Amino acid sequence: MNITSLAGAEIGQNADLDLVKECLGALTDRELQVVEKRHPAVGKRTTLFWIGVGLGVTGERVRQIYVKSARKVRRRYGAEMRYRRENGR
């Protein structure tokens with residue numbers, strides 16, 4: 001899974017990556033840390049346990065933060081795509 005699939009969309013070469021970045025901008029610093037570590041641009045994905053160690057919380061709490069983050073990104077991305085469709089953008 002990559003960061004664009006977090007938004008619940010299949011994004012190809014011609015995708016508006018600025019929109020994805022904007023959606024990620026809706027996340028808090030902590031949420032963004034979790035997402036970046038679960039979906040690294042380069043390297044291996046970090047486990048919930050090790051992310052939790054770095055943040056001082058449990059792996060379960062990291063999972064909850066991740067789920068909340070994914071929901072936020074999906075909602076924002078979906079709303080923006082609906083707006084663009086309705087307004088011919």
Side-chain angles (χ1 to χ4, degrees):
M1 179 187 261
N2 60 29
I3 199 67
T4 55
S5 63
L6 179 70
E10 291 299 320
I11 296 184
Q13 288 181 335
N14 298 327
D16 187 354
L17 293 179
D18 290 334
L19 175 58
V20 174
K21 289 177 185 175
E22 180 184 321
C23 291
L24 293 175
L27 302 179
T28 66
D29 290 340
R30 184 182 238 184
E31 291 168 339
L32 193 56
Q33 280 181 327
V34 169
V35 169
E36 286 174 342
K37 289 179 181 178
R38 289 299 284 172
H39 299 284
V42 177
K44 289 179 70 174
R45 191 171 136 167
T46 307
T47 65
L48 297 175
F49 173 81
W50 287 111
I51 296 171
V53 168
L55 295 175
V57 297
T58 66
E60 174 58 20
R61 181 65 187 131
V62 172
R63 186 194 66 75
Q64 292 167 357
I65 292 168
Y66 177 77
V67 168
K68 181 180 176 184
S69 303
R71 192 175 300 127
K72 273 185 175 180
V73 170
R74 273 191 219 103
R75 282 184 186 153
R76 185 153 184 168
Y77 185 84
E80 182 62 29
M81 290 308 292
R82 279 190 300 279
Y83 174 80
R84 288 179 180 203
R85 253 192 323 270
E86 292 168 1
N87 294 293
R89 294 183 182 189

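For the single chain, residues carry numbers from 1 onward in sequence order. Remember, it's a predicted structure, so these values are computed and weren't measured experimentally.
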Open item on the list: Would you say Trp50 ends up clustered with Leu32 if hydrophobic residues are merged whenever their side chains have heavy atoms under 4.5 Å apart, either directly or through other cluster members?
Closed with: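 Unlinked, Leu32 and Trp50 end up in two clusters.
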TODO: Apply the test side chain to side chain contact (heavy atoms under 4.5 Å, CB included) to residues Glu60 and Phe49: give CA-CA distance (whole Å), side-chain angles for both, the deciding distance (0.1 Å), then the verdict.
DONE: CA-CA 8 Å; Glu60 174 58 20; Phe49 173 81; over 6 Å; no
Look up atom [atom1] in [X] and atom [atom2] in [Y], then write down how far apart they are to the nearest 0.5 Å.
| X | Y | atom1 | atom2 | result |
| --- | --- | --- | --- | --- |
| Arg38 | Ser69 | CZ | OG | 12.0 Å |
| Leu48 | Arg61 | CG | CZ | 12.5 Å |
| Glu80 | Arg85 | CD | CZ | 11.0 Å |

- [ ] Could you pull out the closest heavy-atom pair between Ile65 and Arg30, with the gap in Å?
- [x]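 For Ile65 versus Arg30, the nearest heavy atoms are CD1-CD, 3.8 Å.
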Open item on the list: One thing to verify: whether Glu86 and Arg82 come together as a salt bridge, which I'm taking to mean a side-chain N less than 4.0 angstrom from a carboxylate O.
Closed with: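 Salt bridge between Arg82 and Glu86, a charged N being under 4.0 Å from a carboxylate O: no.
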TODO: Identify which one of Glu36, Arg76, Lys72 satisfies the side-chain contact (heavy atoms from CB on, under 4.5 Å) criterion when paired with Leu27.
DONE: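 It is Lys72, the one option of Glu36, Arg76, Lys72 that forms the side-chain contact (heavy atoms from CB on, under 4.5 Å) with Leu27.
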Task: Sole residue of Ile51, Thr28, Leu55 in side-chain contact (heavy atoms from CB on, under 4.5 Å) with Gln33 - done: Leu55
TODO: Could you tell me whether the side chain of His39 reaches within less than 4.5 Å of the side chain of Tyr66, counting heavy atoms only?
DONE: yes
Open item on the list: Donor-acceptor check, side chain of Arg45 to backbone of Pro40, threshold 3.5 angstrom: yes or no?
Closed with: no
